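Just follow the structure's listing: the first ligand is 1, and inside any ligand the first atom is 1. All values reported here derive from a predicted model rather than from experimental measurement.
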Amino acid sequence: MKPPAIAERAPDHVRGISRYIAGKPIEELARELGLDPATIVKLASNENPRGPGPGVRAAIAEAIVELSRYPDSNGFALKAALSRRLGVGAEQIVLGNGSNDVLELVTLAFLQPGDEAVYAQHAFIVYPLATQARGAHGIEVPARDFGHDLRAMRAAVTPRTRVVFVANPNNPTGTWIPPAELEDFVASLPRDVVVVLDEAYNEYLVPTDRAPSVEWVARYPNLVVTRTFSKAYGLAALRVGYGIMNEAVADLLNRVRQPFNVNALAQAAALAALADADYVEESRLLNEAGIAQLDAGLQLLGLRFVPSHANFVLAEVGAADAVNTALLKQGVIVRPVANYGLPQWLRITVGLPEENTRVLTALTKALQG
Ligand code: PMP
């Protein structure tokens with residue numbers, strides 16, 4: 001059917017955007033295949049499989065009383081806690097409706113039609129989506145061994161480049177860049193180019209692998225480090241993340257954000273989650289064991305996979321569409337990544353041990369056809 005004329009009035013760059021493909025919700029698969037939702041395993045969105053800790057539940061219960069009021073537009077308490085934890089000024093922190101929001105805010109504040117943003121092939125898909133939404137031109141730099149080719153990315157920067165995105169670790173490949181290499185890259189960029197260092201999976205790294213990226217912000221006023229409460233902190237449903245950056249950059253992002261972009265329950269829960277260091281460390285250790293379990297299972301199946309530094313594994317299964325369909329029929333949801341230029345691969349999020357076993361068993365069956 002021909003769309004109404006009004007739909008033609010949106011700018012070409014908006015009409016050209018491909019929608020973000022999210023992991024299939026459990027309820028949707030249950031409806032489609034008549035399955036009991038309780039029997040479905042979803043390992044498709046890099047979520048923490050543990051559910052929230054007791055402190056978070058209590059904080060939300062308390063915050064519910066104030067539900068008829070707007071949240072604190074400036075997120076005072078959460079920023080103060082982050083500021084103490086990270087050793088930066090509260091005015092250097094921008095809160096977001098997920099770290100996705102902060103990525104968007106960078107493009108809103110810095111990109112206009114004609115500008116360029118540089119990112120890697122197979123990097124998080126929000127970089128090209130947010131770039132295109134601003135009418136800017138995305139420059140995708142071919143990956144090297146599934147990861148960022150920083151030398152090639154540096155070479156791709158032109159006088160029109162305003163933003164460079166780097167994901168460390170990257171989604172969906174799980175690749176990681178050593179800190180020294182990363183800092184050399186940041187240092188090599190012109191200071192009038194914003195470099196976004198997306199550390200959504202930072203807390204899953206072995207502590208010695210983590211870059212001192214927050215300290216770099218003092219040296220590089222063009223650096224924006226983004227982090228999230230959606231992964232190791234287990235709050236994906238609430239949508240809260242943040243960026244750490246030079247105060248002047250934070251001021252710009254704060255001007256273009258919605259006044260109440262982080263809701264009150266999210267602020268209260270994030271504050272409680274931040275105080276529960278054990279939860280994060282337990283999540284990291286559970287993930288480490290889960291990665292080992294999935295790697296071993298994939299190896300037994302003779303499947304190639306990319307060694308992961310995050311909470312998911314990218315595995316080459318061949319006919320990914322057919323394998324994915326066979327998994328769905330068994331009540332197992334993983335993520336096809338054809339939209340990332342990886343049509344033969346599936347991304348499997350680390351679950352609880354029994355969920356990992358379930359996906360490996362289902363995969364064995366799916367591959368037998
Ligand atoms: N960056 C990366 C690399 C991600 O994988 C994700 C989540 N898929 C995000 C950012 C955004 O996550 P959130 O908005 O939940 O913080």
Side-chain angles (χ1 to χ4, degrees), residues 19-25 42-49 52 75 78 82 93-108 117 119-131 143 146-148 163-177 182 195-205 210-211 213 224-244 253 257-258 261-263 265-267 269-270 273-274 280 283 287 306 308-314 333-337 339-340 342 347-350:
R19 268 176 64 170
Y20 180 85
I21 306 169
K24 197 183 211 24
K42 182 185 173 217
L43 299 173
S45 300
N46 302 343
E47 294 151 341
N48 192 319
L78 180 54
L82 284 168
I93 299 168
V94 174
L95 301 180
N97 185 38
S99 60
N100 199 133
D101 192 20
V102 183
L103 301 175
E104 292 273 347
L105 293 177
V106 170
T107 65
L108 264 176
Y119 42 79
Q121 181 191 21
H122 313 316
F124 185 42
I125 213 153
V126 164
Y127 313 151
L129 291 181
T131 299
F146 298 94
H148 294 48
V163 180
V164 175
F165 291 99
V166 175
N168 197 43
N170 182 45
N171 169 24
T173 57
T175 48
W176 166 79
I177 305 160
L182 195 53
V195 49
V196 178
L197 177 54
D198 178 347
E199 295 187 332
Y201 301 95
N202 181 61
E203 294 82 3
Y204 284 114
L205 288 172
R210 291 180 198 148
S213 50
V224 173
V225 177
T226 60
R227 303 242 176 109
T228 185
F229 285 94
S230 299
K231 310 293 177 185
Y233 286 93
L235 301 181
L238 286 172
R239 316 301 303 123
V240 51
Y242 58 96
I244 306 137
L253 266 57
R257 71 174 169 85
Q258 283 186 35
N261 63 334
V262 183
N263 74 73
L265 298 187
Q267 290 188 34
L274 199 59
V280 180
S283 296
N287 184 66
V306 182
S308 174
H309 293 267
N311 68 337
F312 51 84
V313 180
L314 185 67
I333 311 174
V334 298
R335 185 75 76 93
V337 282
N339 57 333
Y340 279 92
L342 296 161
R347 190 193 68 194
I348 306 166
T349 300
V350 174

Can you sort out which atoms of ligand 1 are near [X], meaning under 4.0 Å from one of its heavy atoms?
X	value
Lys231	7 (C), 8 (N)
Asn171	3 (C), 4 (C), 5 (O), 8 (N)
Ser230	13 (P), 15 (O), 16 (O)
Arg239	13 (P), 14 (O), 15 (O)

Spacing of Asn97 atom CG and Arg257 atom CZ [to the nearest 0.5 Å]: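 One finds 11.5 Å between CG of Asn97 and CZ of Arg257.
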
Grab the two heavy atoms, one from [X] and one from [Y], that are nearest each other, plus how far apart they are.
X	Y	answer
Asn168	Leu182	ND2-CD2, 3.6 Å
Asn287	Ala310	ND2-O, 3.0 Å
Asn48	Gly234	CB-CA, 3.7 Å

Contact partition for Ala200 relative to ligand 1, non-hydrogen atoms under 4.0 Å: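 Side chain only.
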
Per-residue contact class, Phe229 against ligand 1 - non-hydrogen pairs under 4.0 Å: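 Neither; nothing of Phe229 gets under 4.0 Å from ligand 1.
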
Distance flag, aromatic centroids of Phe124 and Phe165, threshold under 6.0 Å: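 Between Phe124 and Phe165, which both carry aromatic rings, the centre distance is not below 6.0 Å.
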
Among Phe124, Tyr201, Tyr127, closest by any non-hydrogen atom to atom 10 (C) of ligand 1: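 Comparing heavy atoms across Phe124, Tyr201, Tyr127, the nearest one to atom 10 (C) of ligand 1 lies in Phe124.
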
Option nearest atom 2 (C) of ligand 1 (shortest heavy-atom distance, choices Val240, Asp198, Asn311, Leu235):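 Result: the heavy atom closest to atom 2 (C) of ligand 1 is in Asp198.
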
Could you say whether the N/O atoms of [X] and ligand 1 ever approach to under 3.5 Å?
X	result
Tyr20	no
Ser99	yes
Thr228	yes
Asn100	yes
Asn46	no

Ring geometry between Tyr119 and Tyr127 (parallel below 30°, tilted from 30 to 60°, perpendicular above 60°):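 Geometry flag for Tyr119 against Tyr127: tilted rings.
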
Check against side-chain hydrogen bond (donor to acceptor under 3.5 Å, both in side chains), Asn100 and Arg239: CA-CA 9 Å; Asn100 199 133; Arg239 316 301 303 123; 5.0 Å; no

Side chain Gln267, main chain Val262, donor-acceptor under 3.5 Å: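 Answer holds: yes.
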
Note: Glu199-Arg210 ion pair, threshold 4.0 Å (strictly below):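 Salt bridge between Glu199 and Arg210, a charged N being under 4.0 Å from a carboxylate O: no.
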
